[in-house]
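Computation of the quantities below employed the complete heavy-atom set of this structure, encompassing side-chain atoms and omitting hydrogens, waters and symmetry-equivalent molecules. On a predicted model such as this, the values are computed, not experimentally measured, just so you know. Chain identifiers are assigned alphabetically (A, B, ...) following the order of the sequence lines, protein sequences preceding nucleic acid strands; residue numbering begins at 1 within each chain.
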There are 2 protein chains.
Amino acid sequence: MQSAAEANDSPLTERQRDVLDAALGLLVEAGDALTMTSVARRASCSKETLYKWFGDRDGLLTATVQWQASKVRGVTVRRDGLDLASLTSGLERFASDWLRVLSGKISVALNRVAVSHAGSDKRDLGAIVLENGPFAMARRLMPLLEVGREAGLLAFDDTEEAFRTFFGLVVRDVQIRLLLGDRFELTDVAIDGEARRATQQFFALYGAHTNGAA
Amino acid sequence: MQSAAEANDSPLTERQRDVLDAALGLLVEAGDALTMTSVARRASCSKETLYKWFGDRDGLLTATVQWQASKVRGVTVRRDGLDLASLTSGLERFASDWLRVLSGKISVALNRVAVSHAGSDKRDLGAIVLENGPFAMARRLMPLLEVGREAGLLAFDDTEEAFRTFFGLVVRDVQIRLLLGDRFELTDVAIDGEARRATQQFFALYGAHTNGAA
DNA sequence: ACCGAACCGTAACGTACGGTACGGCAAATG
DNA sequence: CATTTGCCGTACCGTACGTTACGGTTCGGT
């Protein structure tokens, strides 16, 4: 019974990607009420095919989450600019993009289902979301922070510590409130404002010109 | 069919509180896999009684969450001290208590189930957790911040804005990582350290002696 | 033209669980 | 003591859903 569900690194066919997109849409609309029947109907495929391709319901969910994760990649940060202005704009763009993704319906739906299944002993969706969420953000941002430090613009001892503070300044209570269903209005201009504020506060805490102690 | 589930302000009997404690324990252990049968067995009561007391499964979950929420109340903040030292220690104790609650198994379990049911159109557990979580923290902390401002120790325009920044500095990525199942080690001394760091950073951003602009 | 693989649509199966009904018992109530 | 009340234990019902099975169709290969 070694289906495509276990070899999750096998390239997806066009049809399979369409099926996963259907599952994704359904996940956003219905949340955890996602049923195999509804996915089959939405994707115009048979349940037998779903089971052949993804093994079981958990495999389908995992493949869906990974499929979405594979889409988000590629927001790379250029580290060619070493002056204060480009570092600032880099951090601001980072915070802005992050908040935009975070407050999107897809992200909220994915985090919801991952949190729901976090205690389970089956395939861990939480680890996938964690890996492609906060951890991915850390992997992309920490090099930028270190470049800023080497350029004498930032001062900190622990890079991860600095990143986590930036995370806190950017996200604050937005994510948990969204996950808990709080109706939240985050326009694009508000997001840009939040990004600017967070970046400014981060410089106030870790900028080399102020106080170097964390 | 107006049972105790609808009049949620009716005082609970000792037996009912025991039942809710059993449900709480089961929620921590099994998460959303909590079944009416398992609660009845754990609490040594009949399912019929559960339905008579709480209406339905959702009512039981709601009552359980509210029961836990009613326990946490009472961490009031004294605002009698107006000097820097007492404000600092007040903020530190606040952050410390908050992180301790946040990283506890019960809080994680409750937030998990609330997030899971957030999209539902039934009784909104998310609103309850939100009300007794971040919002309760805001209601308790914001007066303290304003007292600090009136004493000339803090400088900010928007109290809620200042609170949310404090929230971000304290919680950072801890809660979302816990909810997503990340194995996390947070000893008591680490929590106290986090609280001190967050408070210090908050003063660096909003202390009246540094820069008054947010 | 023929074959087999892949897949669609749907029906069917098994089970878990929410919700209900009922018999018995123990304590309060009179 | 008789009666009512409240609750336990358990059996039961209905349904939703994961999973499987199967007949029919399309399509690429030979």
>> Just so I know, are the side chains of A:Ser103 and A:Phe184 near enough to count as touching, which here means a heavy-atom distance under 4.5 Å?
In response: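 No, too far: nothing below the 4.5 Å cut-off.
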> Can you tell if the side chain of A:Ile176 reaches within under 4.5 Å of the side chain of B:Ile176, non-hydrogen atoms only?
Replying inline: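 Sidechains of B:Ile176 and A:Ile176: no contact.
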> At their closest point, which heavy atom of A:Asn132 faces which heavy atom of A:Ala69, and how far apart are they?
Replying inline: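 That would be CG-CB, 3.4 Å.
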> Closest heavy-atom contact between A:Trp98 and A:Gly133?
Replying inline: CH2-O, 3.1 Å
Please report the distance, rounded to the nearest Å, between [atom1] in [X] and [atom2] in [N].
{"X": "A:Leu50", "N": "D:dT19", "atom1": "CG", "atom2": "P", "result": "11 Å"}
{"X": "B:Lys52", "N": "C:dA21", "atom1": "NZ", "atom2": "P", "result": "12 Å"}
{"X": "B:Asp18", "N": "D:dC7", "atom1": "CG", "atom2": "P", "result": "13 Å"}
{"X": "A:Gln16", "N": "C:dC8", "atom1": "CD", "atom2": "C1'", "result": "16 Å"}
{"X": "A:Tyr51", "N": "C:dC13", "atom1": "OH", "atom2": "P", "result": "17 Å"}

>> Quick check on side-chain contact (heavy atoms from CB on, under 4.5 Å): which of B:Leu125, B:Asn111, B:Asp32 does B:Ser116 satisfy it with?
In response: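 Only match with B:Ser116 under side-chain contact (heavy atoms from CB on, under 4.5 Å): B:Asp32.
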>> Under 3.5 Å, is there any donor-acceptor pair linking the side chain of B:Lys47 to the base of C:dG19?
In response: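 Checked by distance alone, the answer is yes.
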> When you measure from every atom of DNA chain C, which of residues 31-41 of chain B have a heavy atom less than 4.0 Å away?
Replying inline: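 When residues 31-41 of chain B is checked for heavy atoms under 4.0 Å from DNA chain C, the hits, listed by number, are B:Leu34, B:Thr35, B:Met36.
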> Do A:Thr37 and A:Arg41 have a side chain donor and acceptor closer than 3.5 Å?
Replying inline: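 Their side chains do not contain a donor-acceptor pair, so the 3.5 Å distance test is not met.
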>> Under a plain distance cut-off of 3.5 Å, with no hydrogens placed, do B:Glu146 and B:Thr159 share a side-chain donor-acceptor pair?
In response: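 Yes, side-chain donor-acceptor contact under 3.5 Å.
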>> Looking only at the side chain of A:Asp56 (C-beta and beyond, no hydrogens), which of the listed nucleotides D:dC8, D:dT19, C:dG19 gets closest?
In response: D:dT19
Check the interface with nucleotides 22-28 of chain D: list each N/O to N/O pair with the protein under 3.5 Å, or write none.
from: D:dC22; atom 1: N4; to: A:Glu48; atom 2: OE1; distance (Å): 2.5

> Would you say D:dC7 has OP1 or OP2 under 4.0 Å from some side-chain N or O of B:Trp53?
Replying inline: yes
> A:Arg57 side chain N/O closer than 4.0 Å to the phosphate oxygens (OP1, OP2) of D:dA16?
Replying inline: no
> Where do B:Arg197 and B:Gln201 land on the side chain to side chain donor-acceptor pair (under 3.5 Å) test, with the steps shown first?
Replying inline: CA-CA 6 Å; B:Arg197 172 201 49 80; B:Gln201 289 179 330; 2.8 Å; yes
> With B:Arg112, which residues qualify under salt bridge (charged side-chain N to carboxylate O under 4.0 Å, His left out), at least two apart?
Replying inline: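 For B:Arg112 there are no salt bridge (charged side-chain N to carboxylate O under 4.0 Å, His left out) partners, ignoring immediate neighbours.
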